[in-house]
**Q** 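Sharing a structure with you now.
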Amino acid sequence: MQKIRCVVERITYQNPENGYSVLKCRVKDYSDLVPVIGNMLDANVGSVLLAEGEWKVDSKYGRQFVAEKWEETLPATIYGMEKYLGSGLIKGVGPKFAKKIVQKYGVDTFVVIEDNIELLIEIDGIGRKRIEMIAESWAKQKEIKNIMLFLQEHQVSASYAAKIFKQYGNDSIPVMKENPYKLADDIWGIGFKTADQIAMKLGFAKESFLRLRSGLMYTLSELSNDGHVYAEKQQLIEKGSELLEASPETVVMTMDEMLKKNELIMEKEIIRLDDNGTRIDPIYLPPFFFAEVGVAAKLKKLVSTPAGDKLYTKLMDARQLTGNENLSVEISAIEKYTGMQYDEIQADAIRRAATAKVMVLTGGPGTGKTTTTHGIISAYKAYGLKILLAAPTGRAAKRMTEATGMEAKTIHRLLECKPPEGYQRNEEKPLEGDVLILDECSMIDIILMNSLLKAIPPTMRLIMVGDIDQLPSVGPGNVLRDIIDSGAFPVVRLTRIFRQAQTSRIIMNAHRINEGRLPDISNGKASDFFFVEKEEPEEAVKYIVDLVEKKLPDYYHIPSSQIQVLTPMQRGQVGATNLNLALQEILNPSEHEIFMKGRGKVTMPKETLRRSGYAFRADDKVMQIKNNYDKDVYNGDIGIIEAVNETDRTLKVNFDGRSIEYDISELDELVHAYATTIHKSQGSEYPVVVIPVMMNHYVMLQRNLIYTGITRAKKVLVIVGTRKALTYAVKNVTVTKRNTLLKERLEKG
């Protein structure tokens with residue numbers, strides 16, 4: 001094995017899925033830049049690497065250095081120092097100041113910054129404020145470097161260093177040495193496997209309590225990512241033993257200890273049996289247990305407490321007086337007020353809503369959910385009720401506002417989320433109003449529903465609207481379906497497809513798919529639903545890029561930004577990750593033309609920040625993938641990058657008119673969103689949608705997934721793929737059952 005010390009000049013390619021990277025580096029005694037290839041996902045432009053590997057000559061790319069091992073070091077040469085300082089790693093120093101500093105202090109540059117930083121005042125343009133910024137960033141970067149070296153020593157990706165430093169500061173290495181499993185508990189994005197890798201290198205025993213406890217927590221957490229609120233005891237023992245490579249007896253002992261300490265909770269009151277009649281013992285993480293119990297208790301209390309508004313009181317008094325238990329609002333008066341006509345089921349929904357404390361309105365596209373909701377709102381308005389409107393996502397809330405002409409908020413904003421204290425609206429400070437109408441309820445998970453119900457006073461009404469045939473929530477639970485299946489509340493199902501909706505093949509095909517029938521894929525100029533046959537994934541990717549870049553914008557006279565690619569999976573050639581790379585390259589390339597005085601049009605590289613293999617540039621469409629209460633942005637929110645600052649290593653994203661800043665260490669909360677998974681698209685609507693449907697994704701091809709994807713399209717839908725895959729998806733109704741006991745808790749007296 002040979003060693004080279006090199007400075008990273010630019011990053012030619014990085015694959016975020018496997019970390020494979022091609023770096024162009026400056027190496028001593030080589031006049032041209034040397035391609036260095038290997039798994040180097042964490043290397044930044046300006047980094048000085050000590051790489052160990054072999055030289056090889058590639059027939060296509062020529063001489064390359066294939067790195068087997070590498071570590072980052074501080075540069076020793078003047079050139080390396082300038083490159084390092086100007087890379088943006090040190091806030092307050094860009095290429096301009098880096099050049100000035102190194103010109104003045106030469107090889108002593110780092111000694112000056114380390115021991116006598118006040119001397120930088122001698123550099124023209126550097127003031128006290130900038131010196132403070134450089135000093136703080138240098139100290140932070142030095143500690144992050146120590147953490148990176150510690151992680152690299154233990155063969156763990158150094159990209160976690162900034163996150164670890166942010167969490168523990170200068171205590172980072174002592175914390176990791178004392179209990180590396182704490183990383184998995186405290187830091188989003190670091191899982192059990194990473195923490196375990198460090199622990200094993202540090203000599204932690206395979207059957208230590210710390211390791212087994214963390215492994216069981218991770219197993220439950222992974223199950224919750226699949227939508228389960230609890231694990232069956234036997235399931236947890238089996239999965240835990242497999243993950244930990246430990247005996248079932250040791251796992252059971254650990255579990256018992258955790259149950260004693262209330263780190264886990266076992267359900268004792270509701271008895272459940274499997275197909276063989278054996279008792280299932282549900283094991284919960286405490287937040288999920290208390291959320292599920294809380295949702296059931298609060299809904300029961302809500303439905304059993306009379307409403308406090310004028311309409312409810314008037315109708316209840318009139319029923320008592322007349323003895324007519326079905327007495328409700330006059331539909332003809334509401335029709336006159338709204339200028340709408342309601343069919344019998346819609347009229348029934350409005351009548352029921354007039355007296356209901358808790359009610360569900362469900363139906364597919366084109367069945368008049370919005371019209372019916374309008375009617376319900378009009379009935380409430382006529383009696384002066386104060387109405388609150390909410391939805392789980394920003395986009396769903398925006399659609400609700402447009403449809404009703406009233407302000408709708410996201411649930412997080414309705415509850416006045418304020419970090420770090422959490423939701424300001426709760427039992428102590430409940431919501432103020434007579435009724436809450438909640439849209440897109442199929443998206444709401446058990447934790448969010450519990451937080452919301454805490455803030456609803458017992459006299460308030462709750463109307464839940466949603467399409468039960470869509471995918472369930474991304475988070476744990478199956479709240480809307482459990483509420484409907486419990487039979488504890490009035491449910492109105494809208495089934496009739498209205499005449500105007502029947503002209504849309506998107507809507508008609510969505511209903512066909514829902515009934516298990518194949519969609520009409522005959523295409524035709526007047527259609528809004530198209531199917532394009534492509535057998536090979538590479539061919540499909542190429543065609544999708546062409547659709548988004550040229551074909552659809554040219555034909556429908558719309559910008560590419562209004563076209564959303566939705567895909568069943570994150571991985572694979574027609575997965576979201578690869579499609580994003582292909583679409584970004586065409587729609588927002590790394591170079592752009594700018595006009596320079598005296599030079600005319602000049603091609604310049606766009607300012608770029610790289611993180612985990614992704615390149616972020618101005619004008620990129622991005623999605624937030626975790627709830628960030630500090631920034632007030634949430635999982636699934638889509639925005640556009642409006643500015644990138646390589647010097648400060650920050651970028652700004654515009655989310656519906658709000659500009660949010662991200663530091664480079666926070667960029668793993670963002671992914672590109674030219675293409676996104678169908679799961680992530682819930683609650684959103686897009687003018688034009690393109691969906692690849694191919695057998696590569698057969699594990700995800702299910703009826704409710706395709707139905708959800710199709711119903712995201714407002715004007716035009718294009719499916720690219722094979723008839724076989726589409727047929728498989730439509731026929732496949734084997735939806736994985738989620739472990740939840742909400743239905744049983746609601747049924748219980």
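Values reported hereafter were calculated over all heavy atoms of this structure, with side chains retained and with hydrogens, waters and symmetry mates removed.
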**Q** Going by ring pair (Phe, Tyr, Trp, His ring centres under 6.0 Å), name the pairs with one or both residues in residues 35-59, residues two or more places apart or in two chains.
**A** Tyr30-Trp55, Trp55-Phe65

**Q** Does NZ belonging to Lys606 count more than 12 external heavy atoms closer than 6.0 Å?
**A**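 More than 12 heavy atoms, drawn from other residues, nucleotides or ligands, come within 6.0 Å of this atom.
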
**Q** Kindly state each residue pair satisfying ring pair (Phe, Tyr, Trp, His ring centres under 6.0 Å) with at least one member in residues 623-665, sequence neighbours excluded.
**A**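 Sorted result for residues 623-665: His412-Tyr629, His412-Tyr634, Tyr629-Tyr634.
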
**Q** Can you list, pair by pair, the side-chain donor-acceptor contacts under 3.5 Å of residues 551-567, counting residues two or more places apart and other chains?
**A**
from, atom 1, to, atom 2, distance (Å)
Lys551, NZ, Asp546, OD2, 2.7
Ser560, OG, Val548, O, 2.7
Gln564, OE1, Lys621, NZ, 2.9
Gln564, NE2, Ala673, O, 3.0
Gln564, NE2, Tyr674, O, 3.2
Thr567, OG1, Val574, O, 2.7

**Q** Compile the donor-acceptor pairs under 3.5 Å between side chains in residues 134-145 and protein atoms, sequence neighbours left out, one pair per line.
**A**
from, atom 1, to, atom 2, distance (Å)
Ser137, OG, Lys91, N, 2.8
Trp138, NE1, Glu114, OE1, 2.9
Lys142, NZ, Glu114, OE2, 2.6
Lys145, NZ, Glu72, OE2, 3.2

**Q** Go through the structure and list residues passing side chain to side chain donor-acceptor pair (under 3.5 Å) with Asp58, not counting sequence neighbours.
**A**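 In terms of side chain to side chain donor-acceptor pair (under 3.5 Å), with neighbours along the sequence ignored, Asp58 is linked to no residue.
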
**Q** Output all residues satisfying side chain to side chain donor-acceptor pair (under 3.5 Å) with Lys3, sequence neighbours left out; order by chain, then residue number.
**A**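 Listed in chain order: nothing, the list is empty.
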
**Q** Only pairs at least two apart or in different chains count here, so list each side-chain hydrogen bond (donor to acceptor under 3.5 Å, both in side chains) that has a residue in residues 122-131.
**A** Tyr105-Glu122, Glu118-Arg128

**Q** Among all residues two or more places apart in sequence or in another chain, which pass the salt bridge (charged side-chain N to carboxylate O under 4.0 Å, His left out) test with Lys398?
**A**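 For Lys398 the salt bridge (charged side-chain N to carboxylate O under 4.0 Å, His left out) partners, ignoring immediate neighbours, are Asp656.
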
**Q** Is it the case that Glu669 and Asn628 place a side-chain donor and acceptor less than 3.5 Å from each other?
**A** yes

**Q** Among residues at least two apart in sequence or on other chains, which ones pass salt bridge (charged side-chain N to carboxylate O under 4.0 Å, His left out) with Arg413?
**A** Asp632

**Q** Using the salt bridge (charged side-chain N to carboxylate O under 4.0 Å, His left out) criterion, which residues pair with Lys28? Sequence neighbours excluded.
**A** none

**Q** Go through the side-chain N and O atoms of Asp619 and Asn588 and say whether any donor and acceptor fall under 3.5 Å apart.
**A**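 Asn588 and Asp619 do not have a side-chain donor-acceptor pair below 3.5 Å.
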
**Q** Applying salt bridge (charged side-chain N to carboxylate O under 4.0 Å, His left out), which residue pairs with at least one partner in residues 187-204 are found, sequence neighbours left out?
**A**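 Non-adjacent pairs meeting salt bridge (charged side-chain N to carboxylate O under 4.0 Å, His left out): Asp196-Arg211.
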
**Q** Hey, are Glu666 and Lys631 close enough for a salt bridge, meaning a charged N less than 4.0 Å from a carboxylate O?
**A** yes

**Q** With sequence neighbours left out, write down each residue that passes side chain to side chain donor-acceptor pair (under 3.5 Å) with Tyr168, or none if nothing qualifies.
**A**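 With sequence neighbours excluded, Tyr168 shows a side chain to side chain donor-acceptor pair (under 3.5 Å) to Asp186, given in chain and number order.
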
